[in-house]
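Encoded as structure tokens, the structure appears first; notes follow it.
Labels below follow one simple rule: chain letters A, B, ... track the order of the sequence lines, proteins then strands, and each chain is numbered from 1.
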There are 2 protein chains.
Amino acid sequence: MATPPLADVDPSPGAAQTGLHARLLEQLGTAICSGRLVAGSVLYIDELVDRYAVSRSVVREVLRVLASMGLVDTRRRVGTQIRPASSWNVFDPQLIRWRLASGDRIAQLRSLTELRTAVEPQAASLAAERATPDAASDLVGLAAKMWAAGKAGNQDEFLRLDIEFHRQVLISSGNEMFVKLQELVAEVLTGRHHYELMPHHPDEQALQHHADVAQAILRHDGGRAREAMVHIMEQALNEMKSIWEQAGEPRRD
Amino acid sequence: MATPPLADVDPSPGAAQTGLHARLLEQLGTAICSGRLVAGSVLYIDELVDRYAVSRSVVREVLRVLASMGLVDTRRRVGTQIRPASSWNVFDPQLIRWRLASGDRIAQLRSLTELRTAVEPQAASLAAERATPDAASDLVGLAAKMWAAGKAGNQDEFLRLDIEFHRQVLISSGNEMFVKLQELVAEVLTGRHHYELMPHHPDEQALQHHADVAQAILRHDGGRAREAMVHIMEQALNEMKSIWEQAGEPRRD
DNA sequence: CTAGGCCAATAAATCTGACGTATGCAAGAA
DNA sequence: TTCTTGCATACGTCAGATTTATTGGCCTAG
């Protein structure tokens, strides 16, 4: 009932979305994630065809994708039912973006950060075992550049290097799932979703910890690499906490 | 060229697959994951329509789903291109199942286990902070039952309780992503995918560690909960290692 | 000979109408 | 009350047509 009327000639919400499929997917995906479409409620193909003025092909293809994400469940003679959040594939990048853009933003940010906190120390430890000498040297170099950028107060450059550093560590861990996870985190940190992000203070300690991680990996010292990374994560976790502890106020959508 | 001819009247590979959509999705998904369809190679809708004797609707809907998983990329005037493994959404449950059934089985098992090793200690720590008294008591009860089943040598029951125990810990962590992760792990452990799995020896130490985790959570002692869970993970990791270190032999597909 | 813009071939994107099919629900029988 | 049967329904699948974006070649101007 509270669903938007149509999206025929809507140019695009934030970033340009080309193609009817992508646009309808975005519409329905965000509607479900935001809770505008309540779990248990039912959609009908013909109804969507009318409401959004697109063909059945488009609607059906979108519903198939949403079903593969666990957002909906379509059955004969019943229609397409919205599934509860517990059924969603919360690791789907697309779904994560929708949730970050919705009211679940804080919860999603928290889940992702906690996951990162768990994974990166383990990744650092594995990297110490598996990193090639070249990769380890690159890490040491990156840490040095971070130090320079931090001292110079160059925040943009620092953020870029920071992300690159963590990416290299996760790649060196040799675990493809860790790498994919980092891509998600990087997207959030880059502010590609521009929600009020932390200023990202590079302080003395953080710089030292990054250097420690690089050194430990170079020396194949998994224990120290993990330990240093834990400290980095604690700091990141605290920064995030300051965000979501003050965040309880409502937002536009 | 090496792709199978058709799947029109193929009943089902392992488990019953109902509907043309599900069957074609399975076919293409496993073909890509197994490497039979090489990254970079191109498929055409009409070609698939002919080869599998299904309508364009079915093919298009399947390709949309595969695209949302990052397995393929379909562009106008070009066709549908198989994407490299680095682009895949390796957290998609469906994709994980395909990979577990393919030649990537060992690598997938390793990635998932390493991820689990990283996550569960963190989850135990968070659970110690957040678990309700009821949930914590249940955990203690579960640990006790595990002890009993372990002593009695009841392996099936032990496995069931083991999975339930870890599920409860992850649920109590309050992190939805952790829970989803556990669902994947449980699926593998249950042997629902029946690949030769470890015998799963419940030894004295493992039993003690589970009890320790439960006790620590009950007392809100995050540090000890994490520590005990680390021990459990080390043991699980070693069991897994014994699998993939001896596994280098070729398989049917 | 190179760079930039025009044009046609192509394969996906979208639309449309029809028919098949499983299935939830209710009416009727035991 | 319970079970069976039949029907209405909304998705599943099919077939064909049309539109549209893109690619790569071709041509002209520099």
I want to check something: taking the side chain as every heavy atom from C-beta on, are Arg110(B) and Met177(A) in contact at a cut-off of under 4.5 Å? no

Would you grab the first and last nucleotide of DNA chain D (5' to 3') that comes under 4.0 Å of any non-hydrogen atom in chain B? dT13(D) to dT23(D)

Nearest 0.5 Å, please: how far is CD in Gln108(A) from OG in Ser102(A)? 8.5 Å

Indicate yes or no: does Arg97(B) engage Glu26(B) in a salt bridge with an N to O separation below 4.0 Å. no

Scan Leu95(B), Leu71(B), Asp73(B), Ile82(B) and name whichever one has a side chain to side chain contact (heavy atoms under 4.5 Å, CB included) with Leu66(B). Leu71(B)

Hey, could you give me the CG/CD distance between Asn89(B) and Glu183(A), rounded to the nearest 0.5 Å? 9.0 Å

Each nucleotide of nucleotides 10-19 of chain C classed B (base within 4.0 Å of a protein heavy atom), S (only sugar-phosphate) or -, in 5' to 3' order, makes BSBBBBBBB-

Cationic N near anionic O, under 4.0 Å, Arg130(A) to Glu114(B): yes

Using five pairs at each end of the helix from dC1(C)-dG30(D) to dA30(C)-dT1(D) to define an axis, what is the angle between those two axes, to 10°? 20°

Verify whether one side chain among Glu120(B) and His166(B) offers a donor that lies under 3.5 Å from an acceptor in the other. yes

Chi angles and distances behind the side-chain contact (heavy atoms from CB on, under 4.5 Å) call for Lys180(A), Trp88(B): CA-CA 9 Å; Lys180(A) 259 287 173 283; Trp88(B) 300 352; 5.8 Å; no

Ionic contact status for Arg167(B) with Glu164(B), cut-off 4.0 Å: yes

